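Below is one structure, written out as structure tokens; the observations come after it.
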Amino acid sequence: MLLSIVFIISIVFAIVFIIMKACDSSDILKIIIAILSIASVITFFIIASKSVSYTGNIKMSEKIESTQKIVNLKDNRDTKGHFFIGTGYVGTEAYYYYYYQTKSGSFKADKIRTDKCEVFYTKDTPHIDTIIQIPDEEQTKNWLTLSWLLSLQTSSNERYKIYVPEGTITDDFSIDME
């Protein structure tokens, strides 16, 4: 909010300076308006820089957003590509594919990228916890907080914790020189 006000003041000073330059007025007044305009722009950039820095350093804590009971889990790679007139690319991404039980008792399939997951052993029912980042509420009340930047930080940090029965992960080592 303050950032917007300083920016608007900077624009107003710039417009006044342009109008005064076109009109015949004293040189001292032009110098004062020019100095105020430059000071406003510098203030805008300083506040913007401090706001970005402050928002980037807000403490985050983990919260379990949802839990899904899973009935199976398998790892696999998806091959994706795009070709046009003999050129293109092929890429692979590793996923965990799983079925989970809905509240109505039916089963649905889903997948999650393996690089966003941690796998743990459990003696309880196998499940997947969706973990989100929550900013410290007290720090977000500061006037330097940029809410749009904070929402970008929290929305892109979704992770998963997968809890599976002991022995699910197999130890398999092989070196194949073929």
Side-chain angles (χ1 to χ4, degrees), residues 1-4 7 44-178:
M1 180 68 176
L2 182 65
L3 204 57
S4 301
F7 183 71
F44 170 77
F45 284 110
I46 289 171
I47 292 174
S49 172
K50 293 286 185 189
S51 293
V52 168
S53 176
Y54 179 82
T55 304
N57 290 323
I58 289 178
K59 290 182 209 167
M60 303 290 240
S61 58
E62 290 186 349
K63 177 185 173 194
I64 298 174
E65 182 182 48
S66 65
T67 298
Q68 294 176 320
K69 292 181 181 179
I70 57 174
V71 293
N72 72 354
L73 177 73
K74 182 177 175 140
D75 60 341
N76 202 348
R77 294 193 183 275
D78 273 356
T79 303
K80 296 179 181 180
H82 174 74
F83 287 90
F84 181 71
I85 310 178
T87 62
Y89 72 92
V90 175
T92 60
E93 287 189 8
Y95 286 93
Y96 288 121
Y97 291 87
Y98 63 96
Y99 275 94
Y100 66 95
Q101 192 167 14
T102 65
K103 291 181 181 181
S104 66
S106 66
F107 296 94
K108 281 190 157 184
D110 205 351
K111 69 179 183 178
I112 49 179
R113 289 182 24 195
T114 58
D115 63 337
K116 295 195 171 260
C117 299
E118 291 180 89
V119 180
F120 301 93
Y121 284 136
T122 184
K123 294 186 187 302
D124 295 331
T125 305
H127 63 279
I128 297 176
D129 289 340
T130 304
I131 309 295
I132 58 171
Q133 298 291 317
I134 301 294
D136 182 306
E137 191 173 329
E138 284 301 312
Q139 287 184 316
T140 60
K141 292 178 182 175
N142 190 306
W143 64 272
L144 285 171
T145 302
L146 297 174
S147 57
W148 60 270
L149 182 58
L150 192 59
S151 71
L152 280 175
Q153 283 180 293
T154 56
S155 66
S156 63
N157 285 336
E158 190 172 82
R159 296 181 314 103
Y160 304 91
K161 291 186 178 181
I162 302 173
Y163 295 89
V164 297
E166 285 196 44
T168 301
I169 301 171
T170 58
D171 294 335
D172 184 21
F173 297 91
S174 82
I175 299 175
D176 191 355
M177 299 298 285
E178 293 181 32

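Every value quoted in this text rests on a predicted model; they were computed, and no experiment measured them.
Between Ile128 and Tyr100 there is no side-chain heavy-atom pair separated by less than 4.5 Å. Side-chain contact between Ile64 and Ile131 is present, with at least one heavy-atom pair separated by less than 4.5 Å.
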Before you tell me yes or no, could you show the steps for Val119 and Thr168 under side chain to side chain contact (heavy atoms under 4.5 Å, CB included), namely the whole-Å CA-CA distance, both residues' side-chain angles and the distance that decides it to 0.1 Å?
CA-CA 10 Å; Val119 180; Thr168 301; over 6 Å; no
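In summary, Lys116 and Glu158 do not engage in a salt bridge, as defined by a charged side-chain N under 4.0 Å from a carboxylate O.
Counting only residues at least two apart or on different chains, the salt bridge (charged side-chain N to carboxylate O under 4.0 Å, His left out) pairs with a member in residues 53-72 are Glu62-Arg159, Glu62-Lys161.
Judged as a ring pair (Phe, Tyr, Trp, His ring centres under 6.0 Å), and not counting sequence neighbours, the contacts of Tyr163 are Phe120, His127.
Note that OH of Tyr97 is 10.5 Å distant from CG of Asp110, once rounded to the nearest 0.5 Å.
Closest approach of Asn72 to Tyr99, counting heavy atoms only: OD1-N, 3.0 Å. The minimum heavy-atom distance between Leu73 and Ile70, with the atom names listed, is CB-CD1, 4.4 Å. The two residues Tyr121 and Glu166 come nearest to each other via the heavy atoms CD2-CA, 3.3 Å.
The main-chain N or O of Phe45 is never found under 3.5 Å from a side-chain atom of Ser49 such that the two would form a donor-acceptor pair.
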